[in-house]
Amino acid sequence: MRASYRPLPQSFFERAAETVARELLGHYLVSDCRGSRCVGRIVETEAYPGPHDPASHAAASIGHTARNDPMFGPPGTAYIHLNFGVHWCLNVVVRQEGYPAAVLIRALEPVEGLDTIRRRRQGRSDRELTSGPAKLTQALAIPPSLQRHRLTEPPLFVAAGEPVPARALARSTRVGVTKGNERRWRFYDRRSAWVSRRS
DNA sequence: GAAACGATTATCT
DNA sequence: GATAATCGTTTCA
C-alpha cells in the first residue's frame, strides 16, 4: 500500500519486447476501472517480439489485420485480445509505432484493493486471484473498451516499482503457444507464489 | 497434486 | 470449418 503511484514514461516501452518483458517484473499495474483502485505487482510476462515470431498474432504469415492492428500502435498502449472465446488478456505494445511487438502480462501479485479483487474473483483462493493472464483482467476489471488505451495514464497504467534482482529472475519458454516455442520469451519472479506455472 | 477435458466466439482460411 | 498467448471443473491417485 502506498499513497501514490507514478506512471512509467512512454520511453520505457520504446524498446525490444524481450527487454520490456524482463524489466516490467517488479513494476505495478494500477487499475481504477469500475470505480475502485486495484493494484498488482507484475510477476510474470511474455514477449511477442515481432513478425518473425510464429506465435505472434502479428506473425509474418498472418500480416496486418483488423484483429492485430492495435499491436502496430504507439508504444505504451494496450492490446487486449479475446482467447478461446471467453478470456480477455492484456498486452502492452512496445518498440515503435508501425512495428507489431507486445508484452503479455501473465500474472500479478495482489497489492491493493484486495476486498474488491476477492469479490470479483468470488470463491477463489488468494493464490487464484491473479495468477493467470485472464484472471488478472477479471480481478482488475479491465474491459475490452480500453483497447489502445495509453498505459501511462488512468484509469489503467503501469507504475514504477522495484526491479527484480537477477537471482530471482527466471525465464522459460512461453505457456500454451503451439508454434515457435523454442525461444525462452517468458519471464517471471521465482520468489512469487502468483506465477501461473513453474518450469 | 496432476491430468484430462469442455466451454465459447472472433478471426482467418 | 479450424483454430486459439486460458480457465475451472472433474476425475483420478
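Every chain is numbered from 1, with letters handed out A, B, ... down the list of sequences. The model shown is predicted, which means the values in this text are computed figures rather than measured ones.
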Main-chain N/O of [Y] paired with [X] side-chain donor or acceptor, under 3.5 Å:
X	Y	value
A:N91	A:A102	no
A:R120	A:A139	yes
A:R191	A:L169	no
A:R183	A:D53	no
A:N181	A:T173	no
A:H27	A:G161	yes

Does either side chain, that of [X] or that of [Y], offer a donor lying less than 3.5 Å from an acceptor on the other one?
X	Y	result
A:T152	A:Q10	no
A:Y5	A:E112	yes
A:S196	A:S131	no
A:Y48	A:E46	yes

Ring centres under 6.0 angstrom apart (A:H149, A:F157): no
Give me the ring orientation class for A:H64 and A:F72: parallel if the planes are under 30° apart, tilted from 30 to 60°, perpendicular past 60°. parallel
Could you list, one pair per line, each protein nitrogen or oxygen that sits under 3.5 Å from a nitrogen or oxygen of nucleotides 4-9 of chain B, together with the distance?
from	atom 1	to	atom 2	distance (Å)
B:dT8	O2	A:F84	O	2.4

Can we say A:K135 and A:E128 salt-bridge, meaning some charged N sits less than 4.0 Å from an Asp/Glu carboxylate O? yes
Salt-bridge present (A:E44, A:R186; N to O < 4.0 Å): yes
Roughly how far apart are A:T77 OG1 and A:R148 CZ, rounded to 0.5 Å? 8.0 Å
The first and last nucleotides of DNA chain C lying within contact of chain A, meaning any atom under 4.0 Å from one of its heavy atoms, run from C:dA4 to C:dT9
Where A:K179 and A:R174 come nearest, the two heavy atoms and their spacing: O-NH2, 4.4 Å
Closest approach of A:R184 and A:R171, non-hydrogen atoms and distance? O-NH2, 2.8 Å
Using a heavy-atom distance cut-off of less than 4.0 Å, which residues of [range] contact DNA chain C?
range	value
residues 115-123 of chain A	A:R121
residues 53-68 of chain A	A:A55, A:H57
residues 129-140 of chain A	A:G132, A:P133, A:A134, A:K135

Pair pattern of DNA chain C in dot-bracket, where unpaired bases get dots and | marks partners in another strand, Watson-Crick or G-U under 3.5 angstrom: ||||.|||||||.
